[in-house]
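Single-structure report; data block below.
All chains are named by letter (A, B, ...) in the order of the sequence lines, taking the proteins before the strands, and each is independently numbered beginning at 1.
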Amino acid sequence: MGVGGISRLGDYSFRLERGFLPGMRRTARVFVTEVGLEAARADGSLEQLARTAALPGGVGEVLAMPDVHRGYGFPIGGVAAFAADGDGVVSPGGVGYDINCGVRLLVTPLGEDEVRARIEELADALFAAVPCGVGAGARRALSGRELRKVLIRGARWAVEHGLGFAGDLEACESGGALEEVDPEAVSDRARERGRGQLGTLGSGNHFLEVQRVAEVLDEEVAGVWGVDEPGRVAVMIHCGSRGLGHQVCDDYLKRLRGSAESASSGELVSAPVESGAGRAYLGAMAAAANYAWANRQVITAEVRRVLAELFGRAAGASPLLYDVAHNIAKFEEHRLEGVTRRLLVHRKGATRAFPAGHPELASRFREHGQPVILPGDMGTASYLMVGEPGVLELSFGSTGHGAGRVLSRRAAVKRLRGRDVRAELAERGVSVRWEGRRTLYEEHPEAYKDIDEVVAVCRGAGLARPVVRLEPLAVIKG
DNA sequence: ATGTCC
């Protein structure tokens, strides 16, 4: 065993041995550099991983992605699998407050020059079309009856209402809806919050960006995905389940904290998958996840409407390349030591990266693997990546989810207040629109890790490799 | 992340 219960496995891989913290039932593996390991120790995320490894019913190792940092109970960038039955557990903290926070990318037929020529007009139109900011509401609230359909059908609900194409659904992880939804497990309060927020962006690191293909790093895969032409314009949408998902998480943290079925210690609460409380949480989580998929689909329809108005019919039909969920728990089959098992895989601030040949992928992605979307911070870059062949064995087919914070919001505001962030971004050729008074400080690139570093470690660790680098032309923030 | 404290 290494010093202090930590063994080095490689340049980008460390193992927390069971001696790292009393009570660990399994080891944890951390895909970081030495510097990243020290940061994870300092912010408490190693201890959170070790506590996760103490939960019952775990399968394989607990994992931390290169962008790991401290979260509520369970680190952001954490991945943990549990048996789908028997003593396996589910943990709301292992999914996070923003259930099915995720990212999608629309690929337009437009080139950089024609879009730059009208970028201010486009940014204004997108900002006007998509409500954003804390508490932002939709123009029209759904009835309780209609909301229920959204919770059951996810992105399909929007497509059935003319807000998208059938092809959009197969470009979503899980087809844009989880099955085994239990709308009755979603509280009245959560549903009330959800009725008026469908099609809204929210705040924080959520964004809507007009981007250009800046660099093609894997010609073959980029070709298959239609993003192999430098200067091609794409639109990235990063948001989640708004107040509804937040309320679901809050409701079940409280319920499980007080439940006899729950194995809770401090922030990390959980319940057996097969218990009443565990099943109820999973049914409510699925409903919130479906709300998030519908939310991204409704925003997509608004984006296409704006593109059609400014650039014509073809731009308005821009296809969806893919939609990933980076805060979710899913039932998946994985092969361990020659045996295929059904597991509940929690990914919190981690992206599924199913590689070439995975049976769950739509045929279009079967040959090369699914697109993995890593959103960057405002004004820098984002990446498309693809899972490496060994990623299923290394991390249950998971990789990082973006550039994690290095400054808290409060610290960012304190350090950056007084700077003309709009002008700084304009100098880099990025036009920005925002709602909140502190947003440009809280979301400043200096408040985030370097996305290139996260991408390099994902690659170095053998999880995923970069396919395309995207850079922003315009950013819409809450 | 979040009607950033019902």
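One finds no side-chain N or O of Ser203(A) lying less than 4.0 angstrom from the OP1 or OP2 phosphate oxygen of dT4(B). The phosphate of dT4(B) has neither OP1 nor OP2 within less than 4.0 Å of any side-chain N or O from Arg409(A).
Taking the ring centroids of Phe82(A) and His346(A), they lie under the 6.0 Å cut-off.
Between the CD1 atom of Ile99(A) and the C1' atom of dT2(B) there is a distance of 12 Å, given to the nearest Å. Taking atom OH of residue Tyr72(A) and atom C1' of nucleotide dT4(B), one finds them 15 Å apart after rounding to whole Å. Atom CG in Leu253(A) sits about 16 Å away from atom P in dT2(B), given to the nearest Å. When rounded to the nearest whole Å, the span between CD1 of Ile76(A) and C1' of dT2(B) equals 13 Å. Rounded to an integer number of Å, the gap from Glu442(A) CD to dT4(B) P is 13 Å. Regarding Lys254(A), its NZ atom lies at a distance of 12 Å from the P atom of dC5(B), rounded to whole Å. Asp98(A) has its CG atom 6 Å from the P atom of dT2(B), to the nearest Å. One can place CD of Gln247(A) at 9 Å from C1' of dT2(B), the figure rounded to the nearest angstrom.
The residue Gly240(A) sits apart from the nucleic acid: no heavy atom pair falls under 4.0 Å. Residue contacts shown for Glu192(A) are absent, as no nucleic acid heavy atom lies under 4.0 Å away.
Side-chain contact of Trp157(A) with Gln297(A): a donor-acceptor pair under 3.5 Å is absent, judged by distance alone.
In this structure, the nucleotide among dT2(B), dC6(B), dT4(B) sitting nearest to the side chain of Arg189(A) is dC6(B).
Each of Arg296(A), Glu173(A), His326(A) was checked for a side chain to side chain donor-acceptor pair (under 3.5 Å) with Asn100(A), and the lone residue meeting it is Arg296(A).
Here the CZ-CE distance, from Phe207(A) to Met378(A), works out to 11.0 Å after rounding to the nearest 0.5 Å.
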